[in-house]
Amino acid sequence: MSNMNLSEQEQIRRESLDELRKLGINPYPAAEYKTNAFAQDILDNYAPEKNNFQDVCLAGRIMSRRIMGNASFAELMDSSGRIQIYARRDDVCPGEDKTMYNTVFKRLLDIGDILGVKGHVFKTQMGETTVHVDEFTVLSKSVRPLPVVKEKDGILYDAVTDPEMRYRQRYVDLIVNPHVRDVFRKRTQIIQSMRELFNSRGYLEVETPILQPIPGGAAARPFITHHNTLDMPLYLRVANELYLKRLIVGGFEGVYEFAKDFRNEGMDRNHNPEFTVLEIYIAYKDYNWMMSFTEEIVKKTALDLHGKTEITYGDKVINLNPPFKRISMTDAIKENTGVDISDLDEDDLRKVCDRLSVPHAPEMGKGKLIDQLFGEKCEHNYIQPTFIIDYPTETSPLTKMHRSKPGVTERFELMINGREIANAYSELNDPIDQMERFQDQLRLSEKGDDEAMFIDLDFVRALEYGMPPTSGMGIGIDRLTMILTNQPSIQDVLLFPQMKPESQKAKVESKKEDYLEIGVPEEWIEPLKNLGFTTVTKLKEVEKHTKLHQDICGYNKKNKLGLKNPTQNDVKAWLNLN
RNA sequence: CGGCCCGUAGCUCAGCUGGCAGAGCACGUGACUCUUAAUCAUGGGGUCGAGGGUUCGAUUCCCUCCGGGCCGACCA
C-alpha cells in the first residue's frame, strides 16, 4: 500500500470506504436513485399548514455536519441549493441494530459525500426548513477533503479565493462558491436569449469548420496543426466569417453560429486563446439595420437576465437601453483629441501620433495609424454603449466601401465599458473589389504586417457566383458575459480558462526489482521511498550507512510499522560499502 | 517580454531582526435528542513551491527555476 503519500484525512476517508464495504454498503452504487424534490423548491414552497413535502426524496452533497448524540444535522447541497437534513437514531434505525446511525451516519460519512435521503419536511424550533430523514443511501463516497467554507448572515468564512485553485480545479470552485455556478448559468442564459431571438426570426443555426486550410476572416495569428492522412497543415479557425458568407451565397437568408475561435496571442483579463463569438449574417440588410438589431439583441439579453437594462459593472453603471450613441471614427478622434484627421495623409498622421505620444511603427499604413489613434486615445472612454462607425478601408478588407464617404467602409464596432463587444459590416460582395483587397493585404504582409489576412480564393469564387447584399456581425460572448454578470476577468466567465500545466513532478522511481537486487528486503522498499530514496541511485549516494540505519529504525518506530530492523551490516551491504 | 506581489497543515492565514513550525476551521477519540460559523473535553496532522548559496544554524537573507496574480508591452 502506498497510503504513506496520502494525507491523514485522505487515509481516514479510505478507511471509512473499506468499513462501508465491510458493512455491505456499496459506496459507489450503480442503480438509478429516483428523487422527487429539489432543495430550493422545498425551501420556497414548504408550508407547515399545507402539510406538503411529506414524502420527499432528494440527493446531494453533504456540505456541513453537526453531529450530536442521538440526533444530528447536516446540510445537503443539490443543483438548486442547500437544505438542512435532520437524522434521528431511532428513525433511521427503527430496529435493534443502530449501526446505520451510530456508525455509518455519524462516523463514516464526511463532508463532500453524495447522499440520497428519503423523509418528510418540517420546521425546526429555530424555524429552519429541514428534511427529517427516515432513510438514507450512500450514493458516492468522497475520499478527498473539500475546502470547508462556513457562512453566517451571508458572510463567508475561509472562502476559497486562490485563483489558481479556482481555475484549475473549477469543480471545487463550483461546489464551494455558489455564486460561481450562477455566473455560468447566466452565461448559458445569455446565449439562449440570443438563440431564441434568432430562431424566432427564422435564422438558421449552423456549424462550420474549426479546422481550416486557410485561417481567414480576421487578422490574427492562428494555431497550426497537421493532418496526417492529407499530410497538410490545418489551422484552428480565428473566425468563421468566410464560411458563413458562403452559406449566404448558397441561399440561406440568415445564418448564425456560436463559434469557438482560436488566436495564438497574448493572454490577459480580456483574452483567452480560445473564446466564443456569435457571428450572424443576414441577407438584404446593411450595417444601419444591423446596428438596430444589435441594440435589440443587447437589450433583450439584459432584460432576460436582469429584468432591466441598467446594469452595474465594477464601480460603473451602464445603461443598455437603446438607442446607443453612434459616432464615426473620425468624429470620435476629434471628440477625444481635438484633432480632425479627415484630410490628413500618412505623414501627417504620423506627426499627430508623435504629438499625442501614440506609439506607431513604420510598417503601419494610414488605416493602421488611425486605428492606433483610436485605440490609444478614444476606445477606453466609451463606457456607455456606443457604435463607432465608418472604419478605414485598409483595416477592413471584408467590408463594403461607404456608400457616400470616400476612404472609409460601412463598418461599426460596439463599445461597452471601453472595450469592443461587437464588430459588424455591410459585407463586401463585389468579387473583384474583394480580390483587390486581398491583394492589398498580401502587400501589407510583405511589408511586415504579420496580421494581414490570408487570401481565400475559394471565398472569392463564391462571391463571383453572386452574394446578396448582406450585413454580418460578431459579438464576443465572453466579454458580453463579463459585462452582464459583473465579472472582472475573462477567466471568471470561462469554465476552464487556459492555464499552464501543473508541474507534474516527474516521479522517477526505481522498480521493486532494483531494490531487491541490491539486497533490500521487500518490506523496506516502501519505507525507503518515503524517506526520499525513490531510486536506487539516490540510496547508493548515502555516505554514512550508520546514519541511514538510524533513519530507518527511527522511521519504523515512528510509524509503528512493527518491522524487524535491519542490522547496520545489512544496510552497509545495500550500499555496497564492504 | 518587463516591473511589483504571492506560494507555510485538507482550507483560510499568522510566523517580527536567522534560533524547537503556529492559530481558526476541518480531521480522530469521548460527551450531548431541534443544532446551525453547534458546543464541551482531548488528540493527531508539515518535503514551509523546487533546487542551489551564505551561515554553527535558513520558513526567514541571496541566486536560479516552477506556478499564480496585478500593472505595463504585444495582441482587436
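Naming: A, B, ... by sequence-line order, numbering from 1 per chain. Because the structure is a prediction, the values reported are computed rather than measured.
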**Student:** Scan A/Asn270 against the nucleic acid and name what it touches under 4.0 Å (heavy atoms): base, sugar-phosphate only, or nothing.
**Tutor:**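 A/Asn270: no heavy atom of the nucleic acid under 4.0 Å.
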**Student:** Send over the distance from A/Tyr101 OH to B/C32 P, rounded to a whole Å.
**Tutor:**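 In whole Å, B/C32 P lies 11 Å from A/Tyr101 OH.
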**Student:** Would you mind classifying the nucleic acid contact of A/Arg89 as base, sugar-phosphate or nothing, using non-hydrogen atoms under 4.0 angstrom?
**Tutor:** nothing
**Student:** Any side-chain heavy atom of A/Pro392 sitting closer than 4.5 Å to one from A/Lys366?
**Tutor:**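 With C-beta onward as the side chain, the pair stays apart.
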**Student:** For A/Arg107, report the nucleic acid contact type (base, sugar-phosphate, nothing); a contact means any heavy atom under 4.0 Å.
**Tutor:**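 Touches sugar-phosphate only.
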**Student:** Find the partner of B/C27: check Watson-Crick (N1-N3 plus N6-O4 or O6-N4) and G-U wobble (N1-O2, O6-N3) distances, both under 3.5 Å, and reply none if neither fits.
**Tutor:**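 Paired with B/C27, as far as the under-3.5 Å criterion goes, is B/G43.
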**Student:** Rounded to whole Å, please give me the gap between CZ in A/Phe73 and C1' in B/A37.
**Tutor:**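 Computing the A/Phe73:CZ to B/A37:C1' distance gives 16 Å.
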**Student:** Using side chain to side chain contact (heavy atoms under 4.5 Å, CB included), reason through A/Val121 and A/Val131 one step at a time and then give a plain yes or no.
**Tutor:** CA-CA 4 Å; A/Val121 180; A/Val131 178; 4.3 Å; yes
**Student:** Separation of A/Arg168 atom CZ from B/G68 atom C1', in whole Å?
**Tutor:**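 Taking CZ of A/Arg168 and C1' of B/G68, I get 8 Å after rounding.
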**Student:** Which part of the nucleic acid, if any, lies within reach of A/Met499 when heavy atoms closer than 4.0 Å are counted: base, sugar-phosphate only, or nothing?
**Tutor:**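 Sugar-phosphate only.
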**Student:** Would you mind reading off the distance between A/Lys150 atom NZ and B/C27 atom P, rounded to a whole angstrom?
**Tutor:**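 Atom NZ in A/Lys150 sits about 8 Å away from atom P in B/C27.
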**Student:** What is the separation between atom CZ on A/Arg65 and atom P on B/U35, rounded to the nearest whole Å?
**Tutor:** 19 Å
**Student:** Would you please confirm or rule out a distance under 4.0 Å between OP1 or OP2 of B/U35 and any side-chain N or O of A/Arg66?
**Tutor:** no
**Student:** Grab the CE-C1' distance between A/Met126 and B/U39 for me, whole Å please.
**Tutor:** 13 Å
**Student:** Could you check how far CD of A/Glu8 sits from P of B/G46, rounded to whole Å?
**Tutor:**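 That distance rounds to 8 Å.
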**Student:** Can you spot which of A/Arg144, A/Arg61, A/Lys141 makes a salt bridge (Lys or Arg N to Asp or Glu O under 4.0 Å) with A/Asp113?
**Tutor:**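 Answer to the salt bridge (Lys or Arg N to Asp or Glu O under 4.0 Å) test with A/Asp113 among A/Arg144, A/Arg61, A/Lys141: A/Lys141.
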**Student:** Please assess A/Thr276 against A/Lys260 for the test side-chain hydrogen bond (donor to acceptor under 3.5 Å, both in side chains), listing each intermediate value before the final yes or no.
**Tutor:** CA-CA 4 Å; A/Thr276 305; A/Lys260 264 287 176 74; 5.0 Å; no
**Student:** A/Phe412 versus A/Met290: any side-chain heavy-atom pair under 4.5 Å?
**Tutor:** yes
**Student:** Which nucleotide sits closest to the side chain of A/Pro147: B/C11, B/G68, B/U35?
**Tutor:**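 For the A/Pro147 side chain, the nearest candidate turns out to be B/C11.
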**Student:** What's the closest nucleotide to the side chain of A/Glu265 if the choices are B/C34, B/C75, B/G10?
**Tutor:**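 Comparing B/C34, B/C75, B/G10 against the side chain of A/Glu265, the answer is B/C75.
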**Student:** Mind checking A/Ile67 for me? I need base, sugar-phosphate or nothing, with any heavy atom below 4.0 Å counting as a touch.
**Tutor:**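 Result for A/Ile67 = base.
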**Student:** Could you check whether A/Gln372 gets within reach of a base, just the sugar-phosphate, or nothing at all, counting any heavy atom under 4.0 Å?
**Tutor:** nothing
**Student:** Name the pairing partner of B/A50, where a pair is Watson-Crick or G-U wobble with both distances under 3.5 Å, or state none.
**Tutor:**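 In the structure as shown, B/A50 has B/U64 as its Watson-Crick or wobble partner.
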**Student:** Reckon A/Glu413 touches a base, only the sugar-phosphate, or nothing at all at heavy-atom distances under 4.0 Å?
**Tutor:**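 Base, at least one base heavy atom under 4.0 Å.
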**Student:** Whether the side chain of A/Gln84 and the base of B/U35 hold a donor-acceptor pair under 3.5 Å is what I'd like checked.
**Tutor:**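 Answer yes: a donor N or O sits under 3.5 Å from an acceptor.
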**Student:** Between B/C27, B/G67, B/U12, which nucleotide has the shortest distance from any of its atoms to the side chain of A/Lys500?
**Tutor:** B/G67
**Student:** Considering only side-chain heavy atoms of A/Ile12, which listed nucleotide, B/G28, B/A38, B/C70, is closest?
**Tutor:** B/G28
**Student:** Can you check whether A/Glu394's main-chain N or O pairs, donor with acceptor, with A/Gln441's side chain at less than 3.5 Å?
**Tutor:** yes
**Student:** Answer yes or no: does a side-chain N or O of A/Gln11 lie under 4.0 Å from OP1 or OP2 of B/G44?
**Tutor:** no
**Student:** Looking at B/U35, B/U33, B/C74, which one has an atom nearest to any side-chain atom of A/Tyr86?
**Tutor:**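 The answer is B/U33.
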**Student:** Checking contacts here: which listed nucleotide (B/U35, B/G28, B/G69) is nearest the side-chain heavy atoms of A/Tyr167?
**Tutor:**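 That would be B/G69.
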**Student:** Is it the case that B/G68 (base atoms only) and A/Asp162 (side chain only) share a donor and an acceptor within less than 3.5 Å, ignoring hydrogens and angles?
**Tutor:**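 Such a pair does not exist between side chain and base.
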**Student:** Give A/Gln9 one of three labels, base, sugar-phosphate or nothing, depending on what nucleic acid heavy atoms sit under 4.0 Å from its own.
**Tutor:** base
**Student:** Give a yes or no on this: more than 12 heavy atoms of other residues, nucleotides or ligands lie within 6.0 Å of atom CZ of A/Phe38.
**Tutor:**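 No - once you tally the heavy atoms of other residues, nucleotides and ligands closer than 6.0 Å, there are 12 at most.
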**Student:** Picking from B/G10, B/G69, B/C25, which would you name as closest to the side chain of A/Gln491?
**Tutor:**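 Nearest to the side-chain atoms of A/Gln491, counting from C-beta on, is B/G69.
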**Student:** Measure from CD on A/Gln498 to P on B/G69 and round the result to the nearest Å.
**Tutor:** 12 Å
**Student:** Taking a pair as Watson-Crick or G-U wobble with both distances under 3.5 Å, which nucleotide is matched to B/G57?
**Tutor:**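 By the stated definition (distances under 3.5 Å), nothing pairs with B/G57.
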